[in-house]
Engineer: 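Here's a structure for you.
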Amino acid sequence: MAQTGLIGLAGGCVYLGAGGAMVFGASSGVTDLLAGLLLPLLVATLVMMLLNAALIAGILRLSGGTSLRFAFLHTSRDGLVLYLGYGLVGFLFVVLWQVERLGPLSLLLVVAPLMLAQWSISGLVEERETQLRTVRTLVAAVETRGAQRRGQGSGSAKSARPSVSSSASPRGCPRRCSSRRRCTTWG
């Protein structure tokens, strides 16, 4: 809750600091909307995303020892599309509510894109979980296969050494050769 509150406070302060307007009327033109709403909202959204990534990276560092840089880059890369997408939906909501004066009806018009965004995000999460399960299964299979074969090579080498040294001919051939010709088979 503290993290969400801190991110919201930072986003609001950055929005106002970037010149974000508080009220728009129906007479607001496209330039007013872009300069007074969209650009400050974009800057605030980016700051919120970066702050969220930094806080999550700090939490991961404290709880699991994950590298701050890795956690920050991974979280910000994944969060960028989400934050920008939700920021655009927020922009649409404000334009419909205040500029077009639709009021609560604008909520109904914005719910559909929000549900679509949530559905696509859920699909991405499920896909990543499936990929992670697949990789874990493959790793487990390799480890199991490796565990079954792990001692075979060294066991074969150990069992072969005594027989080679005890059965070697005086000339250094690993096999007992009955003829005087040079042995070309090395076991």
Engineer: Calculate, to the nearest 0.5 Å, the distance between atoms CD and CZ belonging to Glu129 and Arg136 respectively.
Structural biologist: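 If we round to the nearest 0.5 Å, Glu129:CD and Arg136:CZ are 9.5 Å apart.
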Engineer: Give the minimum heavy-atom separation between Ala18 and Pro40, together with the two atoms involved.
Structural biologist: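 Reported closest heavy-atom pair: O-CG, 3.7 Å.
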Engineer: When clusters are formed by joining ILVMFWY residues with side-chain heavy atoms under 4.5 Å apart, either directly or through shared neighbours, do Leu132 and Leu138 land in the same one?
Structural biologist: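 Leu132 does not cluster with Leu138.
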Engineer: Going from CD on Gln3 to CD1 on Ile7, what distance comes out if it is rounded to the nearest 0.5 angstrom?
Structural biologist: 4.5 Å
Engineer: If Ile, Leu, Val, Met, Phe, Trp and Tyr residues are connected whenever their side-chain heavy atoms lie under 4.5 Å apart, and connections chain through other members, are Leu55 and Leu62 in the same group?
Structural biologist: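 No, no single cluster joins them.
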Engineer: Flag yes if Leu80 and Leu41 sit in one hydrophobic cluster, no otherwise; membership is Ile, Leu, Val, Met, Phe, Trp, Tyr, and two members link when side-chain heavy atoms are under 4.5 Å apart.
Structural biologist: no
Engineer: Is any side-chain heavy atom of Tyr15 less than 4.5 Å from a side-chain heavy atom of Leu37?
Structural biologist: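 In short, these two side chains touch, coming nearer than 4.5 Å.
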Engineer: If hydrophobic clusters are built from ILVMFWY residues whose side chains come within less than 4.5 Å, do Val125 and Trp119 share one?
Structural biologist: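 Unlinked, Val125 and Trp119 end up in two clusters.
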Engineer: Would you mind reporting whether Tyr86 and Leu114 have side-chain heavy atoms less than 4.5 Å apart?
Structural biologist: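 Side-chain contact under 4.5 Å: yes.
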Engineer: Show every ring-ring contact (aromatic ring centres under 6.0 Å, His included) that has at least one partner inside residues 46-73, sequence neighbours left out.
Structural biologist: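 Sorted pair list: Phe70-His74.
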Engineer: In Å and rounded to the nearest 0.5 Å, what is the CD1 to CG distance from Ile121 to Leu82?
Structural biologist: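 It is 4.5 Å, given to the nearest 0.5 Å.
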Engineer: Could you check whether any side-chain heavy atom of Thr45 comes within less than 4.5 Å of a side-chain heavy atom of Met49, counting everything from C-beta outward?
Structural biologist: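 No, side chains not in contact.
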Engineer: Side chain to side chain contact (heavy atoms under 4.5 Å, CB included) between Val111 and Phe93: does it pass, once the steps are laid out?
Structural biologist: CA-CA 9 Å; Val111 166; Phe93 182 66; over 6 Å; no
Engineer: Are the side chains of Thr130 and Glu127 in contact, using a 4.5 Å heavy-atom criterion?
Structural biologist: no
Engineer: Looking at every non-hydrogen atom in both residues, tell me the closest pair between Leu84 and Leu46 and how far apart they are.
Structural biologist: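 What the structure gives for the nearest pair is CD2-CD2, 4.2 Å.
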Engineer: Give me the atom names and distance for the closest heavy-atom approach of Arg61 to Thr66.
Structural biologist: CD-O, 3.0 Å
Engineer: Decide whether Val43 and Leu50 are clustered together by the hydrophobic rule: side chain heavy atoms of Ile, Leu, Val, Met, Phe, Trp, Tyr closer than 4.5 Å, transitively.
Structural biologist: no
Engineer: For Ala44 and Gly11, which heavy atoms make the closest approach, and how far apart are they?
Structural biologist: CB-O, 3.3 Å
Engineer: Would you give the length of the straight line joining atom CD1 of Ile56 to atom OG of Ser63, rounded to the nearest 0.5 angstrom?
Structural biologist: 11.0 Å
Engineer: Considering non-hydrogen atoms only, spot the tightest contact between Ser106 and Leu96 and give its length.
Structural biologist: CB-CB, 3.5 Å
Engineer: Looking at Ala10 and Leu51, what are the two nearest heavy atoms and their distance?
Structural biologist: CB-CD2, 3.6 Å
Engineer: If the condition is side-chain contact (heavy atoms from CB on, under 4.5 Å), which residues does Glu126 pass it with, not counting sequence neighbours?
Structural biologist: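 Listed in chain order: nothing, the list is empty.
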